[in-house]
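Here the structure comes first, spelled out in structure tokens, and everything after it is commentary.
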Amino acid sequence: MKPSFSIGVLCNSRETLARNLLASPMLADPDIELHLAHDPGSAAEAYNRILEESAAPHVLLVHQDVYLPPGWRQRLERAIAQLDASDPGWAVFGAIGMSAEGNLVGEVWSTGIGKLIGTALERPCPVQSLDELLLVLRREAGLRFDPALDGFHMYGTDIVQSALAAGAGAYACALPLVHNHRFRTRLDESFSRAYAFIRRKWRARLPIRTTVLEVSAVAPSLALYRLRERLSVERRRAQDSDCRTDPRVFSARCGWE
């Protein structure tokens, strides 16, 4: 049987994967093709390989700590139908991102922040960037990740900008989910390298607002973000929920179970 959807996951913790993504009802469907990349060198390298190996027309690239609530597949199919009707040339969509106007669109539960974030959507919303926690690519669009982007950050911004530069659509859709991630006091230095990469590659399209910060040609946004990280660490730590909790607890809290 040809798979209806391919799901690609970067995995460095089988326990996290089992507790979250593999516990999602959709993953039990027999027409789902699962690709696991264990400890890959970079997100771009692993995801491009998954895109080449996948047999389904739509490929979902999902973090291992994401839980997809009951009924999520129906939401996914509805989003695809809406996009096929309104923009048959769409290339990528996700669960949450930044609209062209700079608003956070889409709705997810963030365990690291301890609350529901974003804005609920009725219809797909065009974006300038997407959070990497979940991306859906239409294989026929031929979009690929830039192998020059090393590491595991900001590839959601890069793939959206690549789609837009090619004249293809990029959107956030109504795909509520639980991102059951652990609290981080700060982003590592590979984030700084990814920021510099985006700043160089897309200089002509700046500023670009991401779910973390604005990438600007002139403003010291990364330095300001690092300062805010240091000053807010205790407040953010107090908001953190325990990522070892069954994600269905958070899903039920949001009314999705």
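Every value quoted in this text rests on a predicted model; they were computed, and no experiment measured them. Both backbone and side-chain heavy atoms feed into the values below; hydrogens, waters and symmetry mates do not.
- Taking a cutoff of 4.0 Å between a charged side-chain nitrogen and a carboxylate oxygen, R73 and E77 qualify as a salt bridge.
- In this structure, S99 contributes its side chain and E101 its backbone to a donor-acceptor pair below 3.5 Å.
- Using a 3.5 Å distance cut-off with no hydrogens or angles, the side chains of D150 and S42 do not pair a donor with an acceptor.
- The shortest side-chain heavy-atom distance between R138 and F93 does not fall under the 4.5 Å cut-off.
- For the atom pair CH2 (W90) and CG (L137), the distance works out to 7.5 Å, reported to the nearest 0.5 Å.
- Formation of a donor-acceptor pair under 3.5 Å by the R205 side chain with backbone atoms of Q161 is not found in this model.
- Using a 4.5 Å cut-off on side-chain heavy atoms (C-beta onward), C173 and Q82 make no contact.
- Between F250 and Y67, the ring center distance fails the sub-6.0 Å criterion.
- Taking CZ of R248 as the start and OG of S251 as the end, the distance is 9.5 Å to the nearest 0.5 Å.
- Between the Q128 side chain and the R209 main chain, a donor and an acceptor come within less than 3.5 Å of each other.
- The closest donor-acceptor contact from the side chain of S24 to the backbone of L27 lies at 3.5 Å or more, if one exists at all.
- Between the E132 side chain and the G156 main chain, a donor and an acceptor come within less than 3.5 Å of each other.
- At distances below 3.5 Å, not a single donor-acceptor pair connects side-chain atoms of T16 with backbone N or O atoms of Q64.
- Y155 and D146 form no side-chain donor-acceptor contact under 3.5 Å, judged by distance and modelled atom types alone.
- Not one N or O on the side chain of T245 forms a donor-acceptor pair closer than 3.5 Å with the backbone of P247.
- In this model, a donor atom of one side chain and an acceptor atom of the other lie less than 3.5 Å apart for H179 and D65.
- K2 has no carboxylate O lying under 4.0 Å from a charged side-chain N of E33, or vice versa, which leaves the two without a salt bridge.
- Within the 4.5 Å cutoff, the side chain of Y171 has heavy atoms near those of the D87 side chain.
- Within the 4.5 Å cutoff, no side-chain heavy atoms of D246 are placed close to those of R19.
- Under 3.5 Å, the side chains of D158 and W202 contain a donor-acceptor pair of N or O atoms.
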